[in-house]
Each structure stands twice: as structure tokens, then as C-alpha cells.
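Note sheet for the following structure.
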Amino acid sequence: QVQLVESGGGLVQAGGSLRLSCAGSGRTFSAYAMGWFRQAPGMVREFVATISWRGGSTDYADSVKGRFTISRDHAKNTVYLQMNSLTPEDTAVYYCAGTSSTGRTRKISDYKYWGQGTQVTVSS
């Protein structure tokens with residue numbers, strides 16, 4: 001069993017930055033690929049970024065490519081999402097999620113474990 005807890009959300013002005021953290025517990029956390037998703041009001045949950053279990057392979061949604069960076073620290077059992085050049089369109093609840101496999105994936109159905117979400121609001 002894996003438990004995930006996100007933190008780092010908040011209110012920021014357009015053009016600003018935030019770093020989200022996702023602390024994982026459970027002995028197999030570091031063995032799984034991880035991802036970040038987001039959900040804006042009235043919208044479906046969408047893929048943002050994913051990272052392989054080793055951390056050497058990443059993938060991003062086109063809408064965040066070049067602005068967001070996903071990373072992980074196995075020693076701290078934590079996955080990060082560094083978000084730069086934020087726009088109001090990035091406003092959403094951001095969810096950390098874990099798979100039960102090693103390879104990165106965009107498919108929401110591949111994710112077995114979910115955090116509670118953290119709100120990110122970008123003002124114009």
C-alpha cells in the first residue's frame with residue numbers, strides 16, 4: 001500500500017513559480033513510476049507530467065512543456081513538480097499519483113494511488 005500527501009500549493013501571480021511536493025510512504029513507493037495530474041472546475045482530470053521509477057525518464061503535457069519540471073528524491077520518498085511561468089490557465093487542483101509499474105505513463109488508468117490534491121491558483 002502507498003500513501004501520497006501533496007503540499008506546496010497556493011496563490012501566485014501570473015509569471016510566478018511554485019514547487020509542489022508529494023511525500024510517499026510505503027516500502028514500495030520508490031519502485032513505482034509517478035505522475036502529476038490536475039483538475040480545473042468543471043473539467044476532467046488531465047495529465048501534467050510523469051517520471052519513471054529511477055527518475056531518468058520524464059514526459060510532459062504540451063501545455064506545460066518547458067515550464068514545469070518533475071523530479072524525485074528516493075532518499076526522501078518525495079516527488080516534486082517545479083512550476084515556472086505560471087498562467088491563470090494553470091489554476092487547478094493538482095494531484096500526485098503513483099502507478100504499480102516502473103515505466104512512466106500518461107494514462108490515468110495506469111495510476112493506482114492518489115493523493116488528496118493541492119490547490120494552485122494563479123491570478124492575472
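Starting from 1, each residue takes its place in the sequence as its number.
- Rounding to the nearest 0.5 Å places OG of S25 at 11.0 Å from OH of Y113.
- The side-chain heavy atoms of T99 and M34, taken from C-beta on, include no pair separated by under 4.5 Å.
- Y94 and F37 end up in different hydrophobic clusters when Ile, Leu, Val, Met, Phe, Trp and Tyr side chains are linked at under 4.5 Å.
- No continuous path of ILVMFWY side-chain contacts below 4.5 Å connects F47 to V120, so the two sit in separate hydrophobic clusters.
- Side-chain contact check for Y80 versus D73: some heavy-atom pair is nearer than 4.5 Å.
- In terms of heavy atoms, I70 sits closest to Y60 at N-OH, 2.9 Å.
- Neither L86 nor V93 shares a network with the other; the hydrophobic side chains, linked directly or stepwise wherever heavy atoms of I, L, V, M, F, W or Y lie under 4.5 Å apart, form separate groups for each.
- No donor-acceptor distance shorter than 3.5 angstrom exists from the side chain of T50 to the backbone of G35, with no hydrogens or angles considered.
- Here the side chains of R106 and D59 are in contact, with some heavy-atom distance below 4.5 Å.
- For H74 (side chain) and W53 (main-chain N/O), a donor-acceptor pair under 3.5 Å exists by modelled atom type.
- Y32 and S52 are not linked by any side-chain donor-acceptor pair at a separation below 3.5 angstrom, with hydrogens and angles left out of the test.
- Following chains of ILVMFWY side-chain contacts shorter than 4.5 Å, one can reach L81 starting from L18, so the two form part of one hydrophobic cluster.
- Counting heavy atoms from C-beta outward, R67 and D90 have side chains that approach closer than 4.5 Å.
- Across N84 and S17, no two heavy atoms sit closer than the pair OD1-OG, 2.9 Å.
- In this structure the side chain of R19 never reaches within 4.5 angstrom of the side chain of M83, judged on heavy atoms.
- The cluster map of Ile, Leu, Val, Met, Phe, Trp and Tyr, joined by side-chain heavy atoms under 4.5 Å apart, puts V2 and W114 in different clusters.
- Minimum interatomic distance between V64 and V48 (heavy atoms only, all atoms of both residues): CG2-O, 3.6 Å.
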Quiz item: For S71 and Q82, what are the C-alpha separation, side-chain angles and deciding distance, and is it a side-chain contact (heavy atoms from CB on, under 4.5 Å)?
Solution: CA-CA 8 Å; S71 62; Q82 177 67 45; over 6 Å; no
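- Side-chain contact between I51 and R104 is absent, with no heavy-atom pair separated by less than 4.5 Å.
- Using a 4.5 Å heavy-atom cutoff, the side chains of F68 and W36 are not in contact.
- Here the side chains of E46 and Q39 are not in contact, with every heavy-atom distance at 4.5 Å or above.
- Cation-pi check for R45 over Y95 is met; the charged atom lies under 6.0 angstrom from the ring centroid and within 45 degrees of its normal.
- Between the Q13 side chain and the S123 main chain, no donor and acceptor come within less than 3.5 Å of each other.
- Closest approach of A14 and P88 over heavy atoms only: CB-CD, 4.2 Å.
- Taking CD from E89 and CZ from R38, the interatomic distance works out to 9.0 Å, rounded to the nearest 0.5 Å.
- Enclosure of atom NZ in K65 by more than 12 non-hydrogen atoms of other residues, nucleotides or ligands within 6.0 angstrom is indicated.
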